[in-house]
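First the proteins, then the strands, lettered A, B, ... as listed; each starts at 1.
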2 protein chains.
Amino acid sequence: MPMSDKKAQRPIMALLDILGQRWVLRIIWELRDAPLTFRALRERCDQISPTVLNQRLALLRENGLVELGDAGYQPTQSCKDLGTLLMQLSDWSKSWDRTPEKPD
Amino acid sequence: MPMSDKKAQRPIMALLDILGQRWVLRIIWELRDAPLTFRALRERCDQISPTVLNQRLALLRENGLVELGDAGYQPTQSCKDLGTLLMQLSDWSKSWDRTPEKPD
DNA sequence: CTTCTTGCTACATATTATGTAGCGATACTT
DNA sequence: AAGTATCGCTACATAATATGTAGCAAGAAG
């Protein structure tokens, strides 16, 4: 049974289900500035396979996070706030100490 | 080639690589309040298989996000700010309109 | 009709997750 | 000492998911 089948009751669970899927955070991140075509998005995402990219885009579109406009894929208005959160994540990552907490 | 092999150069990429793995966001979310034992954490995460849980915990520990204390697994000091971001995510999710942007 | 670029599909192969059982260590009870 | 209960974690066969490559169908431009 795929994880997403357990229909997440609370919104945060539903959101974590979506954001926790491979490539999803990356895709939203890459769309933060300007719209990108399917192919351009693929390039930005290390040439992710089109199969998966399409699956993820479908998921994001179904959930009102991304839409396909004339200039390519772009975050919806709703998703822009989410993008802001990702920017905060980026800020945080700069001061992130990636070494384990060794009690030694 | 697994995605994580392309060693993410910028911190945000490294972070997205980690957070984008299945169960990782969920695990951090479940640890937001109080420490949880391996087994308790499994229960919270819909009985995720111990194999994967252990892989993820190892990843999170290696990257200074989670540590194993006397009371169980808990976020490191560094990760607490990240947890705060997830709380914001939760707030956002409550006003999230999950329907597609249909131009009709 | 040719040559672009677009979004996207097909499909065999490789990687990753699931589900279940249980090991070895520690602690507490009897 | 022997039983019971917990802990973190491992083994392993099976199922689900991702990768990589090729290419289709549609639209625009020459």
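- Contact of the A:Leu68 side chain with the A:Phe38 side chain is not registered, since no non-hydrogen atoms from C-beta on lie closer than 4.5 Å.
- The distance from atom CZ of B:Arg22 to atom P of D:dT17 is 6 Å, rounded to the nearest whole Å.
- Dashed line: the shortest gap from a side-chain N or O of B:Gln55 to OP1 or OP2 of C:dT16 is not under 4.0 Å.
- B:Gly64 and B:Ser78 make their closest contact through O-CB, 4.0 Å (heavy atoms, listed as atom of the first residue, atom of the second, distance).
- Closest to the side chain of B:Val52, out of C:dT18, D:dT10, C:dG7, is C:dT18.
- Per the geometry, CD1 belonging to B:Ile48 stands 14 Å off P belonging to D:dG8, to the nearest Å.
- The distance from atom CG of A:Leu53 to atom P of D:dA18 is 12 Å, rounded to the nearest whole Å.
- Residue A:Trp23 contributes atom CH2, which lies 15 Å from atom P of C:dT15 at whole-angstrom precision.
- For the pair A:Arg22/A:Val52, no side-chain contact is recorded, criterion being any heavy-atom separation below 4.5 Å from C-beta on.
- Nearest heavy-atom pair across A:Glu67 and A:Pro75 is OE2-O, 4.1 Å.
- Across the protein-nucleic acid pair, A:Arg56 atom CZ and C:dG7 atom P stand 19 Å apart, rounded to whole Å.
- Going from atom CD of A:Glu67 over to atom C1' of C:dG7 covers 16 Å, rounded to whole Å.
- Both B:Arg39 and B:Thr51 sit near DNA chain D, but only B:Arg39 has its closest nucleotide nearer the 5' end.
- In this model, the phosphate group of D:dT10 is approached by a side-chain N or O of B:Asn54 to a distance below 4.0 Å at OP1 or OP2.
- Rounded to a whole Å, the CD atom of B:Gln21 is 17 Å from the C1' atom of C:dT18.
- Both B:Gln47 and A:Leu36 lie near DNA chain C, and the one whose nearest nucleotide falls closer to the 5' end is A:Leu36.
- Both the sub-6.0 Å distance and the 45° axial angle are not jointly satisfied by A:Arg26 relative to the ring of A:Trp29.
- Dashed line: the shortest gap from a side-chain N or O of A:Arg42 to OP1 or OP2 of C:dT6 is not under 4.0 Å.
- Rounded to an integer number of Å, the gap from CZ of A:Phe38 to C1' of C:dT9 is 9 Å.
- Nucleic acid contact for A:Ser49: base, since at least one base atom lies under 4.0 Å from a heavy atom of the residue.
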